[in-house]
Asker: 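The structure that follows is given in the form of structure tokens.
Residue numbers start at 1 and run along the sequence shown.
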Amino acid sequence: MAPLLGLAPGQALALTCGGQSALSVAFTAALAAAGPGRRRIAMEAHTFPMARHFLALEGVPTLGLPMDAEGMDLAALEQALASPEPPGVLYVMPVVHNPLGLTYSAARLAALAAIVARHDLWVVEDEAYAFLAAPELRPPSLASLLPERVFGMWSLSKMVSLSLRLGAVSAPAALAEVAAEQIRIRGLTANPVIAAATARLAEDGTAARLVAEKRAEGAARRALAREILGTARFATEPGDSWHIWMHRPAGEAEADFLARARAAEVSLAPATPFRHAGGEAPFFRLSLGGEAERARLAEGLGRLARVLT
């Protein structure tokens, strides 16, 4: 399983009952490592909604930091670390970001790693969609740069099949038991049958083939979206993502726009849940993976094009 995930040397791997379970374990283990005096978590201004919801339920304060086309604004991170209540944990999605689709540059990641080391930060690195990036083109993971400071997570369900509810969490080798204890205490142990089946798929090359097919299918679907929608409303370059962050029509309330889309039988994700600051923003997230058949996707994209005009 480790080669399929790209597990960094110096990291230990454990399986959980799903990707969100793996993320929750990574958070709790990182917070335990940071200690009670540094429970604040810094994260990207646009981020995975369930991450924020989990931390809110746990009573963990969070801080959203601005981003540009290369990732998190590092000057803003430095400023936060110089504040009276500096964060002790950093949560990032450096490769195939959700919802923006961007991937950090290697230079930005190297600079981020230097800040992490200098300030003794602990990192939760979300690799849920990183498998969509070609290994030879993606930047190195933060875990490979700082294996002693990073907790990572993956969703095997996204990589292989949504029918296989399986996640994976990595931890610095010295803190492997901290993560394992969180899995046991929270009842997040992976189903052994599903774990064994997925391991077999990884060993015989089937999982790697499925990942390659998903990368190719994603490229075809992005090309289809460009052909039918154009790119004028793309708010960011989707890169290798199956999601596109898009501008919605100016001057129209989010609820009204989404209602018009639903009336056209098009399902879209509003921008609000992805924004750390909350509140409306003139964007939405388009998923290219909701329809199994490409022809059905093309039909839906055509309907969306009419909604956007």
Asker: Quick check for you: to the nearest 0.5 Å, what is the distance between Met43 atom CE and Leu63 atom CG?
Answerer: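 One gets 9.0 Å once the value is rounded to the nearest 0.5 Å.
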Asker: Distance from Ile183 atom CD1 to Glu181 atom CD, nearest 0.5 Å?
Answerer: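 If I round to the nearest 0.5 Å, the distance is 11.0 Å.
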Asker: Cluster question for you: counting only ILVMFWY and a side-chain heavy-atom cut-off of under 4.5 Å, with indirect links fine, are Met67 and Val116 together?
Answerer: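 Linked, Met67 and Val116 end up in one cluster.
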Asker: Give a yes or no on whether the backbone of Ala271 and the side-chain of Glu254 come within a donor-acceptor separation of less than 3.5 Å.
Answerer: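 Looks like yes, one N/O pair under 3.5 Å.
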Asker: Not counting sequence neighbours, list each pair that qualifies as a salt bridge (Lys or Arg N to Asp or Glu O under 4.0 Å) and has a residue in residues 135-156.
Answerer: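 Counting only pairs at least two positions apart or across chains, the salt bridge (Lys or Arg N to Asp or Glu O under 4.0 Å) contacts touching residues 135-156 are Glu127-Arg138.
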Asker: Quick one: does Trp154's side chain get under 4.5 Å of Leu13's, heavy atoms only?
Answerer: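 Trp154 vs Leu13: side chains touch.
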Asker: Is it true that Ile115 and Leu142 fall in one hydrophobic cluster, defined by side-chain heavy atoms closer than 4.5 Å?
Answerer: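 The answer is yes; both residues are in one hydrophobic cluster.
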Asker: Tell me, which pairs form a salt bridge (Lys or Arg N to Asp or Glu O under 4.0 Å) where one or both residues lie in residues 86-101, sequence neighbours left out?
Answerer: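 Every pair satisfying salt bridge (Lys or Arg N to Asp or Glu O under 4.0 Å) with a residue in residues 86-101: there are none.
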Asker: Please, which pairs that meet ring pair (Phe, Tyr, Trp, His ring centres under 6.0 Å) have at least one residue in residues 100-153, sequence neighbours excluded?
Answerer: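 Listed once each, the pairs are Tyr129-His243.
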Asker: Between Arg39 and Leu31, which heavy-atom pair has the shortest distance, and what is it?
Answerer: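 Where Arg39 meets Leu31 most closely, the heavy atoms are O-CD2, 3.5 Å.
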Asker: Which residues pass the side chain to side chain donor-acceptor pair (under 3.5 Å) test with Glu213, sequence neighbours left out?
Answerer: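 Side chain to side chain donor-acceptor pair (under 3.5 Å) check on Glu213 returns Arg209.
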Asker: Are any of the side-chain heavy atoms of Thr236 and Ile244 separated by less than 4.5 Å?
Answerer: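 Result no, sub-4.5 Å side-chain heavy-atom pair not found.
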Asker: As an exercise, state the distance from CE of Met153 to CG of Leu5, rounded to the nearest 0.5 Å.
Answerer: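 Going from CE on Met153 over to CG on Leu5, the span is 10.5 Å.
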Asker: Count I, L, V, M, F, W, Y as connected when their side-chain heavy atoms are under 4.5 Å apart, and connections chain through other members. Are Leu112 and Val95 then in the same cluster?
Answerer: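 No; Val95 is not reachable from Leu112 via cluster members.
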Asker: Can you confirm whether Val150 sits close enough to Leu145 that some side-chain heavy atom of one is under 4.5 Å from a side-chain heavy atom of the other?
Answerer: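 In short, these two side chains do not touch, never coming nearer than 4.5 Å.
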Asker: Does Leu286 share a hydrophobic cluster with Leu258, counting links as ILVMFWY side-chain heavy atoms below 4.5 Å and allowing steps through other members?
Answerer: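 Per the 4.5 Å side-chain linkage, Leu286 and Leu258 are co-clustered.
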Asker: Hey, are the side chains of Met246 and Leu268 touching, using non-hydrogen atoms and a 4.5 Å cut-off?
Answerer: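 SC-SC contact between Met246 and Leu268 ruled out.
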Asker: Please confirm whether the backbone N or O of Met93 pairs with a side-chain atom of Glu44, one donor and one acceptor, at under 3.5 Å?
Answerer: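 It does hold such a pair.
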Asker: Filter on ring pair (Phe, Tyr, Trp, His ring centres under 6.0 Å), then keep only pairs touching residues 284-309, sequence neighbours left out; what's left?
Answerer: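 Applying ring pair (Phe, Tyr, Trp, His ring centres under 6.0 Å) to every pair that reaches into residues 284-309, excluding sequence neighbours, yields Phe257-Phe284.
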Asker: If you take all heavy atoms of Met72 and Val92, which pair is closest and at what distance?
Answerer: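 Looking at all heavy atoms of both residues, the shortest contact is CE-CG1, 4.0 Å.
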Asker: Residues in salt bridge (charged side-chain N to carboxylate O under 4.0 Å, His left out) with Glu265, at least two apart?
Answerer: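 In terms of salt bridge (charged side-chain N to carboxylate O under 4.0 Å, His left out), with neighbours along the sequence ignored, Glu265 is linked to Arg303.
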Asker: List the atom pairs, with distances to 0.1 Å, where a side-chain N or O of residues 163-173 and a protein N or O form a donor-acceptor pair under 3.5 Å, not counting sequence neighbours.
Answerer:
| residue | atom | partner | partner atom | Å |
| --- | --- | --- | --- | --- |
| Ser170 | OG | Gln11 | OE1 | 2.7 |
| Ser170 | OG | Gly152 | N | 3.1 |

Asker: More than 12 foreign heavy atoms under 6.0 Å from CD of Glu217: is that the case here?
Answerer: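 Buried by this count: over 12 neighbours within 6.0 Å.
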Asker: Please report the shortest heavy-atom distance between Ile228 and Ala305, naming the atom on each side.
Answerer: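 Taking every non-hydrogen atom into account, O-CB, 4.1 Å.
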Asker: Write out all pairs satisfying ring pair (Phe, Tyr, Trp, His ring centres under 6.0 Å) with one or both partners inside residues 10-59, taking only residues at least two apart or from two chains.
Answerer: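 Residue pairs passing ring pair (Phe, Tyr, Trp, His ring centres under 6.0 Å), neighbours aside: Phe27-Tyr91, His46-Trp245.
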Asker: Using a strict cut-off of less than 4.0 Å between a Lys/Arg side-chain nitrogen and an Asp/Glu carboxylate oxygen, indicate whether Arg108 and Asp73 qualify as a salt bridge.
Answerer: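 Result for this pair is no, no salt bridge flagged.
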Asker: Transitive ILVMFWY cluster of Leu137 at side-chain heavy atoms under 4.5 Å: who else is in it?
Answerer: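 Besides Leu137, the cluster holds no residue at all.
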Asker: Can you tell me how far the CD atom of Glu291 sits from the CG atom of Leu301, to the nearest 0.5 Å?
Answerer: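 Going from the CD atom of Glu291 to the CG atom of Leu301 covers 10.0 Å.
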Asker: Would the distance check show the side chain of Asp68 and the main-chain N or O of Gly71 forming a donor-acceptor pair, the cut-off being under 3.5 Å?
Answerer: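 Confirmed, Asp68 side chain pairs with Gly71 backbone.
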Asker: Excluding sequence neighbours, so at least two apart, what forms side chain to side chain donor-acceptor pair (under 3.5 Å) with Gln182?
Answerer: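 Counting only residues at least two positions away or on another chain, Gln182 forms a side chain to side chain donor-acceptor pair (under 3.5 Å) with Thr28, Arg186.
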Asker: Does any N or O in the side chain of Arg248 come within less than 3.5 Å of the main-chain N or O of Glu252, such that one atom is a donor and the other an acceptor?
Answerer: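 Side chain of Arg248 to backbone of Glu252, a donor-acceptor pair under 3.5 Å: yes, one is there.
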Asker: Kindly indicate whether the side chain of Pro86, heavy atoms from C-beta on, has any atom under 4.5 Å from the side chain of Gln79.
Answerer: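 No - every pair of side-chain heavy atoms lies 4.5 Å or more apart.
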Asker: Hey, does Val123 have a side-chain heavy atom less than 4.5 Å from the side chain of Leu146?
Answerer: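 Side-chain contact under 4.5 Å: no.
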Asker: Any side-chain heavy-atom pair from Pro61 and Ile41 closer than 4.5 angstrom?
Answerer: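 Not touching, per the 4.5 Å side-chain cut-off.
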Asker: Restricting to non-hydrogen atoms, name the atom on Ala33 and the atom on Leu175 that form the minimum distance, rounded to 0.1 Å.
Answerer: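 Closest approach of Ala33 to Leu175: CB-CD1, 4.2 Å.
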Asker: Going by distance alone, is a donor N or O of one side chain under 3.5 Å from an acceptor N or O of the other, for Thr103 and His97?
Answerer: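 There is no such pair between these side chains.
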Asker: Under the side chain to side chain donor-acceptor pair (under 3.5 Å) definition, can you give me all pairs with a residue in residues 189-204, not counting sequence neighbours?
Answerer: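 Sorted result for residues 189-204: Asp204-Thr206.
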Asker: Can any side-chain N or O of Ser144 pair as donor or acceptor with the backbone N or O of Ser141 at less than 3.5 Å?
Answerer: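 Checked: pair present.
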Asker: Any link between Leu121 and Val60 through a network of hydrophobic side chains (Ile, Leu, Val, Met, Phe, Trp, Tyr) touching at under 4.5 Å?
Answerer: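 In one cluster: no.
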Asker: Which atom pair, heavy atoms only, marks the closest approach of Val307 to Ala264?
Answerer: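 Closest approach of Val307 to Ala264: CG2-CB, 3.7 Å.
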Asker: Which atom names give the shortest non-hydrogen contact between Ala32 and Val178, and what distance separates them?
Answerer: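 For Ala32 versus Val178, the nearest heavy atoms are CB-CG1, 4.4 Å.
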Asker: Quick check on Glu85: does its CD atom have over 12 non-hydrogen neighbours (other residues, nucleotides or ligands) under 6.0 Å away?
Answerer: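 Incorrect, the count does not exceed 12.
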Asker: What side chain to side chain donor-acceptor pair (under 3.5 Å) pairs are there with at least one residue in residues 223-235, not counting sequence neighbours?
Answerer: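 Only Arg226-Glu237 qualify under side chain to side chain donor-acceptor pair (under 3.5 Å).
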Asker: Does the side chain of Leu156 come within less than 4.5 Å of Met1's, by heavy atoms?
Answerer: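 Result yes, sub-4.5 Å side-chain heavy-atom pair found.
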Asker: Charged N to carboxylate O under 4.0 angstrom, Glu280 versus Arg275?
Answerer: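 Here Glu280 does not pair with Arg275 in a salt bridge, since their nearest N and O are not under 4.0 Å apart.
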Asker: Would you find a donor on one side and an acceptor on the other, under 3.5 Å apart, between the side chain of Arg222 and the backbone of Gly239?
Answerer: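 Present.
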Asker: Please round to the nearest 0.5 Å and tell me the distance separating atom CG of Leu210 and atom CZ of Arg215.
Answerer: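 One finds 11.5 Å between CG of Leu210 and CZ of Arg215.
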Asker: Once rounded to the nearest 0.5 Å, what's the spacing between atom CE of Met50 and atom CG of Leu55?
Answerer: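 Between atom CE of Met50 and atom CG of Leu55 there are 11.0 Å.
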